[in-house]
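The structure under discussion appears below in the form of structure tokens.
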Amino acid sequence: MSRIKFVNMWVNRCFRHDAAVKTRAPCFLLSGREYGEHSSVSEPDSTASRTRRPRAADIAARLRHEKEKQTAEVPVSPVQRRVSELKQFTQQLQSVHPNVFAKALYRSILYQDQHLIAINKPYGVPVYNNGGIRNSIAESLPVLAKIISNMQGGSQLHICHSLGKDSTGVLLLAKTEEAYVRVQSQIKLHQMERKYMVVTVGVPVPSEGVIDIPIIEKEVTGTQHHFKMGLSPLYRLTEEGDGLTRVRAHRQAHSAVTQYRVLDSSSGCSLVELQPVTEVKHQLRVHMALALACPILGDHKYAYWNKLAPQKLPEGVLRRLGLEQSKTRYLPLHLHVRQIILPAVKGHCDLIVSCPLPKYFTTTLKRLQIPLPEKP
């Protein structure tokens, strides 16, 4: 008997229906090809065996759809969504290639002339690399200089002043060494005027004034050992409590002077304009939190003195922000350089550079029902 006939008989026997059971008998069919010959017998399972395997793109699309479905089922508050977007944006700036980051800085240029450049510093990006972070303003300057000078080598940019990692707003860069020295001289002589916008938890009293209290770095002992900038006042209350007496200034303390003005208040928070006369590390954050007892919204470092913990907000503020206390750690620091003014040089007019508020800042003001400030 030929092998082809044997296969035909095997197929007929395997697919014979049993009248009592009404089920198909099991069959393990080997095609003629597996016997070394080409068979003309049609194979019932051939269609299933030739089914197209799923592509990687199809699997990825299905996984994305399932993830989006799961995310849609979990209710997320608008503030949590905004904070999530902000975190994602920050992580994106840290994960992109340095050249891509430099191009993003180029698109954020607010002002440019033959001597100076002003950029809008993004949130969550340090000016100088302090380790563990891929992108920083300083490390992107060589690429940014090539883009600005039409890819011509030899250009060098200089950072004129510093901003905190979580601060936003105007940052000045000098194109030449001469311009850098000039701006540094103006800063030392307190001739450069900087206006900050902050949202504070609480309403400063009085609504306008000058804070003149030196600042010093202090060690905080306990379960969470760390260092913070603190106040080093020149006066203290008398023993009777009815007056002030001057004390000796600490040799390591830095003179710190801040002008402030409350622009508006609502829902237990305030929009405050700050003008630092001096430039000390964390000066504005320390003066607002420790001198006026009105910490900046999102300032988790100075929310408490003796520990490191997320900022605790009043119930009314939480309701306005639509946020639970356990999620306040995601609130960004609401500290923005709104405007910088440089005095006139060699007959030129004053240089005034302004920067719009970031989206998360304006959204917070709207939720707190605080009117947006007028454009400078």
Side-chain angles (χ1 to χ4, degrees), residues 85-189 191-194 196 276 279-283 332-333 335-343 345-346 348 351-360:
E85 292 173 355
L86 183 63
K87 290 174 58 181
Q88 182 179 0
F89 176 70
T90 304
Q91 294 170 356
Q92 181 181 1
L93 289 179
Q94 290 299 338
S95 61
V96 300
H97 191 275
N99 292 351
V100 179
F101 177 69
K103 292 179 181 179
L105 292 181
Y106 177 75
R107 290 191 296 268
S108 72
I109 290 179
L110 302 168
Y111 171 83
Q112 180 178 185
D113 60 21
Q114 58 182 346
H115 303 293
L116 295 173
I117 296 174
I119 63 173
N120 182 3
K121 179 195 167 298
Y123 171 82
V125 177
V127 174
Y128 299 98
N129 197 339
N130 53 5
I133 296 179
R134 180 176 186 179
N135 291 317
S136 66
I137 304 295
E139 292 188 347
S140 67
L141 291 186
V143 180
L144 181 60
K146 291 181 179 179
I147 298 175
I148 293 174
S149 58
N150 297 323
M151 305 303 292
Q152 295 178 1
S155 302
Q156 186 175 1
L157 296 173
H158 309 269
I159 299 174
C160 296
H161 59 99
S162 185
L163 284 178
K165 171 177 170 288
D166 295 330
S167 301
T168 59
V170 184
L171 179 65
L172 288 180
L173 307 175
K175 287 185 175 181
T176 62
E177 184 73 24
E178 180 183 358
Y180 170 76
V181 173
R182 173 166 56 85
V183 174
Q184 288 294 305
S185 176
Q186 292 173 333
I187 293 176
K188 291 180 180 179
L189 296 175
Q191 294 177 348
M192 186 176 78
E193 184 178 336
R194 288 166 291 175
Y196 287 75
E279 189 174 10
V280 181
K281 180 181 177 181
H282 296 172
Q283 174 179 324
L333 182 67
L335 176 62
H336 177 75
V337 184
R338 178 71 161 172
Q339 188 179 76
I340 284 183
I341 302 177
L342 288 176
V345 178
K346 296 180 180 180
H348 295 280
L351 174 61
I352 303 175
V353 182
S354 302
C355 182
L357 296 173
K359 182 180 179 180
Y360 73 87

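For this chain, numbers begin at 1 and follow the sequence in order.
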Seminar exercise, completed: The side-chain contact (heavy atoms from CB on, under 4.5 Å) partners of D166 (sequence neighbours excluded) come to Y123, L333
Problem set entry | By side-chain contact (heavy atoms from CB on, under 4.5 Å) - contacts of P343 (at least two apart) | Q186, Q191
For this session: Report yes if the side chains of Q339 and V170 come closer than 4.5 Å at any heavy-atom pair, otherwise no.
Result: no
Exercise. Under the criterion side-chain contact (heavy atoms from CB on, under 4.5 Å), which of V353, I187, L351 is the partner of L342?
Worked result: L351
To check you understand the geometry: which heavy-atom pair defines the closest contact between [X] and [Y], and what is its length?
X	Y	value
A102	S140	CB-O, 4.1 Å
G169	C355	CA-SG, 4.0 Å
G124	P126	O-CD, 3.9 Å
V183	M192	CG1-SD, 4.4 Å
I137	L171	CG2-CD2, 3.9 Å

For this session: Calculate, to the nearest 0.5 Å, the distance between atoms CG and CD1 belonging to L141 and I159 respectively.
Result: 5.0 Å
Problem set entry | T176 OG1 to Q156 CD distance, which is reported to the nearest 0.5 Å | 10.5 Å
Can you name the residues that form a side chain to side chain donor-acceptor pair (under 3.5 Å) with [X], not counting sequence neighbours?
X	answer
Q283	T258, T278
N129	E139
S136	none
T168	H336

Exercise. Counting distance only, does the side-chain N/O of N135 pair as donor-acceptor with the main-chain N or O of V96 below 3.5 Å?
Worked result: yes
Seminar exercise, completed: For R194, the salt bridge (Lys or Arg N to Asp or Glu O under 4.0 Å) test, sequence neighbours excluded, returns E279
For this session: Identify, with sequence neighbours excluded, every residue that meets salt bridge (Lys or Arg N to Asp or Glu O under 4.0 Å) alongside E193.
Result: K195
For this session: Mind jotting down which residue pairs meet the ring pair (Phe, Tyr, Trp, His ring centres under 6.0 Å) criterion with at least one end in residues 126-147? Sequence neighbours excluded, please.
Result: none
Exercise. Sequence neighbours excluded, which residues qualify as ring-ring contact (aromatic ring centres under 6.0 Å, His included) partners of H282?
Worked result: Y302
Problem set entry | Residues forming a ring-ring contact (aromatic ring centres under 6.0 Å, His included) with Y196, sequence neighbours excluded | none
What pairs of donor and acceptor atoms, side-chain ones from residues 107-117 against any protein atom, are under 3.5 angstrom apart with sequence neighbours left out?
residue	atom	partner	partner atom	Å
S108	OG	L105	O	2.7
Y111	OH	D113	OD2	2.7
Q112	OE1	K175	NZ	3.0
D113	OD1	H115	N	2.8
D113	OD1	L116	N	2.6

